[in-house]
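Naming: A, B, ... by sequence-line order, numbering from 1 per chain.
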Amino acid sequence: MKCPSHQNFTSISRHYRAILRSCIRHADLDTGEKLHSLSITTGLTSDPNTCLTNALFQFYCSFGKTSHAHHLFDRIPHSHWDIVDWTTLMTCYARNGFPENTINLFVEMQSAGLRFDGVTVMCTCNACAKLGNLALGAQIHCYIIKLGLIIGVKECNSIMDMYVKCRKMEEAKRVFEEVTERSVVSWTVILGGVIKWEGVKSGWLLFNEMPERNEVAWTVMIAGFVENGFIAHAFSLLSEMIFEWKFNLNHVSLCSILSGCVQSGDVMIGEWIHVYALKEKGNEINIMVATALIDMYAKCGRIGRAEQVFKKMSYRNVVAWNSMLNGLAVHGRGKDVLNIFPQMVKEAKPDVLTFMSVLSACSHAGLVDQGRYYFNRLQSVYGIKPTIEHYACMVDLLGRAGFLEEADRLIMEMPMLPNEFVLGSLLGSCHVHGKFQLGECLMRKLVEIDPQNTEYHILLSNMYTMAGKKEKANSLRQVLTKKGERKIPGVSSIHVHGQVYQFTSGDKSHPQSSEIYVMLKEMIQRLRLAGYIPNTTCQNFSAYYNGEGNADAEEEKEQALFSHSEKLAICFGLLNTKPGVPLYIFKNLRICQDCHSAVKIISKIYNREITIRDRSRFHCFKQGLCSCGDHW
DNA sequence: TTAGGGTTAG
């Protein structure tokens with residue numbers, strides 16, 4: 001090919017830049033990339049002085065292609081770098097999930113002696129907010145005050161947001177007070193913080209004080225109600241926003257509200273959002289909304305609905321696949337995860353999270369060989385360096401299945417130091433499989449790593465109790481008494497007719513309490529007739545914590561078991577729903593062994609499907625069986 | 001270049 005003359009270069013380069021600007025405007029990544037290839041083959045970009053490099057850099061930044069953008073940034077001669085180039089790359093990193101790179105660039109920029117401007121403040125504070133990096137955020141704020149720099153409302157808003165995300169409400173409010181011309185964004189930043197850190201009720205008072213409210217403010221308020229289980233309020237606000245104020249929900253609002261549903265476990269609002277999204281967009285829902293729907297349905301116990309949404313998607317990226325795989329994994333559908341995984345490989349490149357779902361699916365379903373198979377191929381076949389989370393999944397898988405020595409060996413071979421999740425998981429397995437020596441050794445290490453956590457003492461003490469080693473169990477109790485620490489109380493929530501009801505162990509605060517306890521008594525009788533034997537082996541600590549000092553009496557232990565929060569929630573559900581209606585319960589801790597076997601029988605004798613989401617997974621009880629197949 | 005609400009885990 002004949003080499004174009006310099007004049008040609010300049011004119012072609014000008015055309016290319018115009019096309020790239022148009023690609024940005026029309027979200028046309030494909031054409032821009034083709035143009036980039038063409039510019040390389042024709043030698044247009046060989047001269048780094050050309051403005052084309054800068055245009056390509058801007059182009060990749062606008063599409064969030066961080067590595068391409070950074071490569072081009074490096075190709076711009078350093079003498080040509082200006083503050084716009086720096087902040088464009090920093091914003092690109094902050095927006096696309098790499099806020100630590102934004103911070104690194106900020107530090108680099110400072111050491112290069114460049115002064116920062118308002119945009120630098122905004123994107124760096126945004127990165128600090130995302131990372132919870134209060135130290136740097138506050139430092140930038142102090143620097144601005146010290147130098148007496150005059151900044152506008154936008155910069156103030158990002159500083160406020162940084163404080164809000166770092167849970168420094170007083171500082172955020174102080175900045176808010178100082179802003180003379182507050183915008184709707186200033187108010188919304190504070191609103192979000194108040195809802196999160198001071199409660200949804202305080203947020204509601206503030207929302208009503210706001211001089212102006214746009215769709216973001218409405219979305220924040222609604223999501224706040226949904227997250228906190230105020231479903232009726234959320235519904236009335238949603239209809240006011242849409243029908244009276246004529247606001248639309250965009251894909252961000254939809255995702256935000258769906259994420260609230262996941263927090264509170266409410267599926268009613270989630271279904272409403274699903275219908276809205278279908279009405280707006282027909283059959284093709286935005287990929288992020290569809291992914292949020294999959295996550296919401298899966299985490300609200302409706303795995304079948306999640307699968308329906310997933311199957312209807314015409315294009316599925318790695319995030320969509322991960323949501324589906326994770327949903328199936330927490331529902332104990334390990335075999336399905338392994339069955340659809342080859343399909344995923346054809347459609348998207350599996351990442352770190354994919355394998356966490358695959359390995360935890362194997363773990364929850366007891367598929368040891370398959371787990372080993374994928375773990376051994378992580379690096380060699382999929383090019384993924386195993387993280388500590390992968391090791392934790394693997395230790396969990398091996399430990400649950402009784403391969404404790406293999407799990408222990410794996411911990412020794414790990415290239416990083418084990419954390420409390422890895423060791424805690426193995427201690428749990430020692431508890432199940434009665435391995436004292438290993439258990440004792442693990443607990444010593446765990447106490448060093450995480451001295452505040454009392455769960456490990458409880459586990460080990462229960463192990464001693466089960467083995468009849470009362471002295472050792474008692475000495476551990478004394479350690480806890482000295483420390484004065486208390487166990488996190490178990491709370492179960494149940495959704496009935498769009499309302500959330502919460503129960504703690506032995507709870508008598510509900511207005512229907514007497515009815516609930518009558519129901520409970522009757523239920524225990526029916527359970528006993530059906531062959532249920534209370535499992536009090538792990539009960540000594542609960543009774544102890546309930547303040548029942550003479551907890552040795554078997555009957556007291558049984559009573560404590562009977563009033564576990566999930567049993568109370570089930571009684572409430574049975575009393576307040578029609579026969580055959582499935583019950584959905586959410587628990588903050590792991591379901592105990594006794595409740596697990598009791599609920600299996602309850603599902604049969606009351607002919608109800610009962611789904612319990614505990615801290616780590618779902619248990620769907622149906623006709624005397626649990627979907628976890630007792631692997632948990 | 002332009003602040004606030006957003007999808008996968010822990």
Side-chain angles (χ1 to χ4, degrees), chain A residues 24 57-58 61-62 82-92 94-95 97 117-123 125-126 129 151-162 164-165 172 179 182-193 195-196 213-224 227 249-260 262 285-296 298-299 306 309-310 313 316-327 329-330 348 350-357 359-360 387-390 392-393 419-422 615-616:
Chain A
I24 295 174
F57 164 68
Q58 298 285 348
C61 278
S62 78
D82 66 5
I83 190 124
V84 176
D85 297 325
W86 282 89
T87 49
T88 305
L89 186 59
M90 285 163 75
T91 307
C92 177
R95 282 189 180 162
D117 64 356
V119 183
T120 327
V121 171
M122 285 188 260
C123 69
C125 281
N126 180 275
I151 49 169
V153 63
K154 289 180 188 175
E155 289 82 0
C156 287
N157 290 341
S158 56
I159 292 168
M160 274 158 50
D161 187 48
M162 178 274 299
V164 162
K165 298 276 158 60
V179 181
R182 292 169 199 143
S183 67
V184 64
V185 179
S186 324
W187 283 89
T188 314
V189 168
I190 296 294
L191 175 69
I195 293 172
K196 184 156 188 202
R213 295 174 295 202
N214 62 9
E215 66 267 60
V216 180
W218 281 88
T219 306
V220 170
M221 194 63 241
I222 292 165
E227 254 168 58
L249 300 173
N250 62 15
H251 75 278
V252 182
S253 326
L254 295 171
C255 287
S256 172
I257 298 169
L258 286 170
S259 156
V262 173
I285 301 176
N286 168 288
I287 188 164
M288 287 187 198
V289 177
T291 305
L293 278 168
I294 292 167
D295 188 51
M296 181 277 298
K299 287 185 181 153
V309 176
F310 182 73
M313 291 170 79
R316 295 175 286 223
N317 61 12
V318 62
V319 184
W321 270 100
N322 286 352
S323 303
M324 190 68 250
L325 294 180
N326 182 55
V330 293
D351 67 4
V352 166
L353 293 189
T354 311
F355 285 100
M356 279 171 64
S357 295
L359 294 176
S360 81
T387 64
I388 195 154
E389 286 83 10
H390 293 125
C393 286
N419 60 13
E420 66 267 37
F421 299 110
V422 175
R615 202 175 59 183
S616 70

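Note on Thr91(A): nothing from the nucleic acid sits closer than 4.0 angstrom, heavy atoms only. Asn250(A) comes within contact range of at least one nucleobase, with a heavy-atom separation under 4.0 Å. At a threshold of 4.0 angstrom between heavy atoms, the contacts of Lys165(A) are confined to the sugar-phosphate backbone, with no base atom among them. Nucleic acid contact class of Val189(A) (heavy atoms, under 4.0 Å, all strands): sugar-phosphate only. Here Val220(A) lies in heavy-atom contact (under 4.0 Å) with sugar-phosphate atoms only. Residue Asn214(A) is in base contact, counting any heavy-atom pair closer than 4.0 Å across all strands shown. Base engagement by Ser183(A) is indicated by at least one non-hydrogen atom pair under 4.0 Å involving a base atom. As judged by a 4.0 angstrom heavy-atom cut-off over every strand, Arg213(A) is placed among residues making no nucleic acid contact. Residue contacts shown for Thr291(A) include a base, since a base heavy atom lies under 4.0 Å away.
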Given the rule in the side chain to side chain donor-acceptor pair (under 3.5 Å) test, do Asn157(A) and Ser186(A) qualify, once you have shown the distances and angles that lead to the verdict?
CA-CA 5 Å; Asn157(A) 290 341; Ser186(A) 324; 2.8 Å; yes
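Under the ring pair (Phe, Tyr, Trp, His ring centres under 6.0 Å) criterion, Phe310(A) pairs with Trp321(A), sequence neighbours left out. Applying the side-chain contact (heavy atoms from CB on, under 4.5 Å) criterion to Lys165(A), with sequence neighbours excluded, gives Ala129(A), Asp161(A). Contacts of Arg316(A) classified as salt bridge (Lys or Arg N to Asp or Glu O under 4.0 Å), with partners at least two apart in sequence or in another chain: Glu347(A). Every residue two or more places apart in sequence or in another chain that forms a side-chain hydrogen bond (donor to acceptor under 3.5 Å, both in side chains) with Asn322(A) is listed here: Asp351(A), Thr354(A). Considering only residues two or more places apart in sequence or on other chains, Arg182(A) meets the salt bridge (Lys or Arg N to Asp or Glu O under 4.0 Å) condition with Glu177(A).
Chain A approaches DNA chain B within less than 4.0 angstrom (heavy atoms of the protein), and the contacting nucleotides run 5' to 3' from dT1(B) to dG10(B).
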